[in-house]
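Reading through the structure tokens given below for one structure.
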Amino acid sequence: MNAFIQILEEKFAPKLNKFAENRWIQTISSGIMLVLPVIFLGSLISIYNIIRLYVTILPDIQPIYDFSFGLYSLILSFLVGYQGMDKFRHAKYKLCTGIIGLVTFLMMIKPDIVDGVITIEFSRLGPKGILIAFVSGLLGIIITHLYAKWDPFANNTTIPEFLTGWINQIIPTFIALLIAMILTYTLNLDVFELVTKLFSPINSFGQTLPGFLLICFVPAVFYSLGISSWLLSPVYTPIMLEGIAQNIDNVAAGLPAVNIVTQETVFVGFVWLGGMGATLPLVLLMMKAKSKKLRVMGKIYLIPSLFNINEPVIFGTPVAFNPYLMPPMWINGIVGPLIVWLFMKSGWVNVPAKLLTGVKLPMPISSFLTTEDWRAVILWGVLLLVYGLIWYPFFKAYDKQLSENNVA
């Protein structure tokens with residue numbers, strides 16, 4: 001096992017880290033990171049709406065939800081372009097490229113404009129349009145990056161600087177909108193539908209059991225190698241956000257929630273107890289360790305773990321690159337999703353249909369809130385027990401090794 005971990009550390013992890021440093025990956029990941037406050041605001045409104053079911057005197061503030069999380073993709077289209085210019089070191093084009101991403105996004109979702117009145121399918125502005133947000137943002141980045149490299153006014157000494165600044169914004173914007181116009185109006189294509197159909201096999205696979213296992217297992221392996229799961233966020237975020245958005249719409253229409261693979265299932269309510277890798281049971285075991293070092297760290301890590309924050313556990317214990325503690329983290333990435341899938345597919349626990357992404361509430365409180373099902377507490381207890389049994393033999397071996405080596 002030590003030899004295998006060494007290979008991962010010396011060969012595999014550096015290549016993944018190099019891939020994670022790719023400017024295109026960083027652009028999308030950082031754009032998703034910057035739009036998190038919008039999701040968080042929507043999640044807070046979801047909690048408020050749950051409370052309002054029991055305290056009916058509270059006013060309806062649903063429009064705040066609609067114009068925050070409901071505009072997720074519109075906002076993301078701007079942030080992808082904006083961040084791209086930061087990653088490609090064209091700071092003076094950041095605002096322009098963000099605007100290009102936003103306006104081409106609006107054109108690509110193909111609104112109807114009749115007699116000066118614009119009609120837009122509102123759902124396309126939300127999580128449903130996330131792929132178009134990527135496309136429009138990346139299109140703006142490509143065009144502006146090429147134009148910035150050309151930089152036709154680099155040696156200009158006659159034209160006023162403010163005028164060249166305007167031209168430098170007009171030309172990339174014109175080219176991007178021209179491309180979007182040809183696709184949308186000249187060729188009469190619904191780019192939104194085309195992109196959605198193109199990626200629908202990926203989204204559909206993501207909502208299957210094998211897809212669920214991969215979405216949980218692969219990031220857990222990466223995290224145990226010290227690589228942030230944000231590397232994979234461009235892949236799993238569209239699947240999860242579209243999943244919870246559809247669940248919310250289904251329940252509002254009197255239909256059952258069907259998409260198990262959501263951030264509410266994985267990060268908020270069930271799979272990752274204490275954070276990615278399900279490290280809360282490990283922290284509880286550490287508090288009773290023979291090694292004084294582990295006992296002290298367990299007490300320090302408990303409060304953050306209750307709020308699903310486990311970077312201190314992963315890198316302080318450490319779990320990352322630890323041949324004793326990496327394997328149970330990987331096993332959890334398979335066993336946990338299997339248990340959750342069984343419970344939800346069997347109808348033993350409701351599938352999440354409340355947006356709580358980004359809300360750091362302790363489980364099982366968040367487990368109940370996102371499902372409105374008291375049986376969620378039972379599932380949380382089952383997961384806590386099973387994860388504890390998985391961690392136990394590996395933890396005991398590590399604890400024994402530290403004790404025998406007199407590690408304080």
Side-chain angles (χ1 to χ4, degrees), residues 8-39 72-91 93-94 97-98 100-102 104-105 108 127 129-149 176 195-196 198-199 201-203 205-206 211 214-243 261 263 266-267 272 276-277 311 314-315 320-321 333 357-358:
L8 291 177
E9 184 175 3
E10 295 178 358
K11 304 290 185 181
F12 188 61
K15 291 180 179 179
L16 283 177
N17 279 318
K18 186 175 181 180
F19 177 74
E21 293 170 359
N22 179 276
R23 289 182 293 184
W24 297 103
I25 299 297
Q26 287 191 340
T27 293
I28 296 176
S29 298
S30 59
I32 292 172
M33 179 74 77
L34 285 176
V35 82
L36 278 178
V38 172
I39 301 177
Y72 175 88
S73 294
L74 178 66
I75 298 168
L76 181 62
S77 66
F78 173 86
L79 290 174
V80 169
Y82 185 87
Q83 281 296 103
M85 288 299 95
D86 188 48
K87 303 303 178 185
F88 282 84
R89 300 178 181 177
H90 301 308
Y93 291 97
K94 288 169 66 173
T97 310
I100 290 174
L102 189 148
T104 53
F105 171 84
M108 286 181 178
I130 187 172
L131 295 174
I132 293 296
F134 290 156
V135 170
S136 61
L138 293 176
L139 175 64
I141 292 169
I142 293 169
I143 292 171
T144 310
H145 175 58
L146 292 175
Y147 180 82
K149 288 180 66 177
V195 173
T196 300
L198 181 64
F199 285 90
I202 297 175
N203 284 342
F205 176 74
L214 283 174
I215 284 173
C216 293
F217 176 73
V218 175
V221 173
F222 281 16
Y223 198 28
S224 71
L225 298 173
I227 300 167
S228 172
S229 63
W230 279 103
L231 171 64
L232 299 173
S233 61
V235 177
Y236 66 71
T237 298
I239 295 171
M240 291 181 164
L241 279 181
E242 288 188 32
V261 186
Q263 297 203 35
V266 177
F267 298 104
W272 293 142
M276 183 170 292
E311 284 82 359
I314 297 298
F315 301 107
F321 294 111
T357 301

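Residue numbers start at 1 and run along the sequence shown.
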Which atom pair, heavy atoms only, marks the closest approach of Trp272 to Cys216? CZ2-O, 3.2 Å
What are the two closest heavy atoms between Gly206 and Ile215, and how far apart are they? O-CD1, 4.0 Å
Which word best sums up how the rings of Tyr236 and Phe267 line up, parallel for under 30°, tilted for 30 to 60°, or perpendicular for over 60°? tilted
Extract all donor-acceptor atom pairs below 3.5 Å that involve side chains of residues 78-85 and protein atoms in other chains or at least two apart in sequence.
unit_1, atom_1, unit_2, atom_2, d
Gln83, NE2, Ser30, OG, 3.1

Please name the pair of heavy atoms, one in Ala148 and one in Tyr93, separated by the smallest distance, quoted to 0.1 Å. CB-CE1, 3.6 Å
Leu198/Leu131 under side-chain contact (heavy atoms from CB on, under 4.5 Å): CA gap, chis, key distance, verdict: CA-CA 10 Å; Leu198 181 64; Leu131 295 174; over 6 Å; no
Over all heavy atoms of both residues, which pair between Ile314 and Tyr223 is shortest? Give the atoms and the distance, please. CG1-CE2, 3.5 Å
Who passes ring pair (Phe, Tyr, Trp, His ring centres under 6.0 Å) against His90, sequence neighbours left out? His145
Residue pair Phe88 / Lys94, side-chain heavy-atom distance below 4.5 Å: no
Please table the atom pairs, donor to acceptor, closer than 3.5 Å between any side-chain atom in residues 137-144 and protein atoms at least two apart or in another chain.
unit_1, atom_1, unit_2, atom_2, d
Thr144, OG1, Thr97, OG1, 3.4
Thr144, OG1, Gly140, O, 2.7

Less than 4.5 Å apart, side chain to side chain, heavy atoms only: is that true for Thr237 and Ile28? no
Report yes or no: does Ser136 contribute a side-chain atom to a donor-acceptor pair with the main-chain N or O of Gly101 at less than 3.5 Å? yes
Side-chain heavy atoms of Ile132 within contact of Ser73, under 4.5 Å: no
Should Ile130 and Tyr72 count as side-chain neighbours, where that means a heavy-atom distance under 4.5 Å? yes
Would a 4.5 Å heavy-atom cut-off, applied to side chains only, mark Met108 and Val195 as touching? no
Would you indicate whether the side-chain heavy atoms of Ile239 and Phe205 approach each other to under 4.5 Å? no
Would you compute the distance between atom OG of Ser77 and atom CZ of Phe134 and round it to the nearest 0.5 angstrom? 11.0 Å
Do Leu76 and Phe105 come within less than 4.5 Å of each other through their side chains, counting heavy atoms only? no
